[in-house]
Amino acid sequence: MLEKLDSLRAEFGLALGEVKTSAEVLNLKAHFIGKKGEISQILKGMRDASNEDRKVIGAKANSLKLDIEKALADKLQEIEMEAINAKLASQRVDLSLRDSVMDRGLDASGLHPVTLIQREIEDIFTSMGFAILDGPHIEDDYHNFEALNIPGDHPARDMQDTFWFEDMEHLLRTHTSSIQVRGMEVNEAPFKFVGPGKVFRNEAVDASHEMVFHQLEGMMVGEDISVANLIYFMKTLLSEVFKQDVEVRLRPGFFPFVEPGFELDINCLICGGKGCSVCKNSGWVELLPCGMVHPNVLKAGGVDTEKYNGFAFGLGLDRLVMMRYGIDDIRHIHSGDLRFVKQFKAF
Ligand code: DAH
């Protein structure tokens, strides 16, 4: 019987090497250590053996049983792990795109031109001491309109028709000016920050209008801030972006959250001011609405208007991208057309 146990151990070792599925593991278990399995048969056959023999055979049979149990449990776990790994491998999603960059070289990838310009402008402003703030795309009436001096019945709301939620209290923000309100909530004057991001309007889409576009808001609040400060920062910004000195002019413009409000134009960089289709022969391109922050806006933001004042601006990033790269249709920007985006490299 002792020899029989030895040969069972060897037999089991061979059989285990062949096993591929969990069903086969269970069969093996039944065959060797099940109620009617090989080891049980041996133990039954011990009835006629002497006490001495029984002890030795019993101990050996038990240790074989334990070894088999352990080996089968390990095997089962190994098979399950293999199955999980195979599933993970077949359903793998590479979010990093690392492999495609490795395979095709750095030229295969790039950043979207709006992201490029946004990052560049963020760098320019951080170098001048501005913080960068973010705000939610889903805004409430208060942050998008009310606190910006645009009450419920104000006609300026018609210029910014957007997508409202059913509660008629939340909306997709129409401009990044809502970041001004959020910025004042978390900052004590004096402060200066910019806030870039997507904005939404219920627009009829054409070559120069999109329902989703990008702005970069800016706000500077301190003591004795003047229009001269505003012009200085805007000129610095635009000269850095266009890598040349730009001339600017201010025209009056109406926005409820600034007083006075301006439209800032730059001399047309396409024709040098001589007149072309981009500047509609005027020599000037409208680029940047801005102004001195309205005291009502500062008060709503908890700023002491006896002591502080400031300027704000809202830069349209898509327009800037179009000017810089000579893009004639805003719809390219969100087209997702690879032929368009692949032209911009950014590593
Ligand atoms: N929020 C305005 C718009 O989207 C743009 C704007 C105008 C922003 C004047 C400003 C500003 O900060 O001072 O039409």
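All values below come from the heavy atoms of this structure, side chains included, with hydrogens, waters and symmetry mates left out. Start at 1 and go down the list; that is how both ligands and their atoms are numbered.
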Could you give the side-chain donor-acceptor pairs of residues 310-324 under 3.5 Å, partners two or more places apart or in another chain?
{"residue": "Asp318", "atom": "OD1", "partner": "His214", "partner atom": "N", "Å": "2.6"}
{"residue": "Asp318", "atom": "OD1", "partner": "His214", "partner atom": "ND1", "Å": "3.4"}
{"residue": "Asp318", "atom": "OD2", "partner": "His214", "partner atom": "ND1", "Å": "3.0"}
{"residue": "Arg319", "atom": "NH1", "partner": "Glu286", "partner atom": "O", "Å": "2.6"}
{"residue": "Arg324", "atom": "NH1", "partner": "Glu120", "partner atom": "OE1", "Å": "3.4"}
{"residue": "Arg324", "atom": "NH1", "partner": "Glu120", "partner atom": "OE2", "Å": "3.0"}
{"residue": "Arg324", "atom": "NH1", "partner": "Val241", "partner atom": "O", "Å": "3.1"}
{"residue": "Arg324", "atom": "NH2", "partner": "Glu120", "partner atom": "OE1", "Å": "2.8"}

Open item on the list: Against ligand 1, does Phe257 come closer than 4.0 Å with any heavy atom?
Closed with: yes
TODO: Using a 4.0 Å heavy-atom cut-off, say whether Glu263 meets ligand 1 through its side chain, its backbone, both or neither.
DONE: neither
- [ ] Answer side chain, backbone, both or neither: which part of Ser177 comes under 4.0 Å from ligand 1, heavy atoms only.
- [x] side chain
Open item on the list: Using a 3.5 Å distance criterion without hydrogens, assess whether the side chain of Ser40 forms a donor-acceptor pair with backbone atoms of Lys35.
Closed with: yes
- [ ] Check if Met219 has a non-hydrogen atom at a distance under 4.0 Å from any atom of ligand 1.
- [x] no
Open item on the list: Checking the side chain of Gln41 only, and the main-chain atoms of Lys36 only, is there a donor and an acceptor separated by less than 3.5 Å?
Closed with: yes
Task: Glu217, Gln215, Arg173, Arg201: member with heavy atom nearest to atom 12 (O) of ligand 1 - done: Glu217
Task: Qualifying residue for ring-ring contact (aromatic ring centres under 6.0 Å, His included) with His175, from Phe257, Phe255, Phe213 - done: Phe257
Open item on the list: So does Ser177 get a backbone contact from the side chain of Glu217, meaning a donor-acceptor N/O pair under 3.5 Å?
Closed with: yes
Task: Residue portion contacting ligand 1 (non-hydrogen atoms closer than 4.0 Å) for Phe255 - done: side chain
Task: Heavy atom of Gly291, distance to ligand 1 below 4.0 Å - done: yes
- [ ] For ligand 1, note which part of Phe311 has a heavy atom under 4.0 Å away: side chain, backbone, both or neither.
- [x] neither
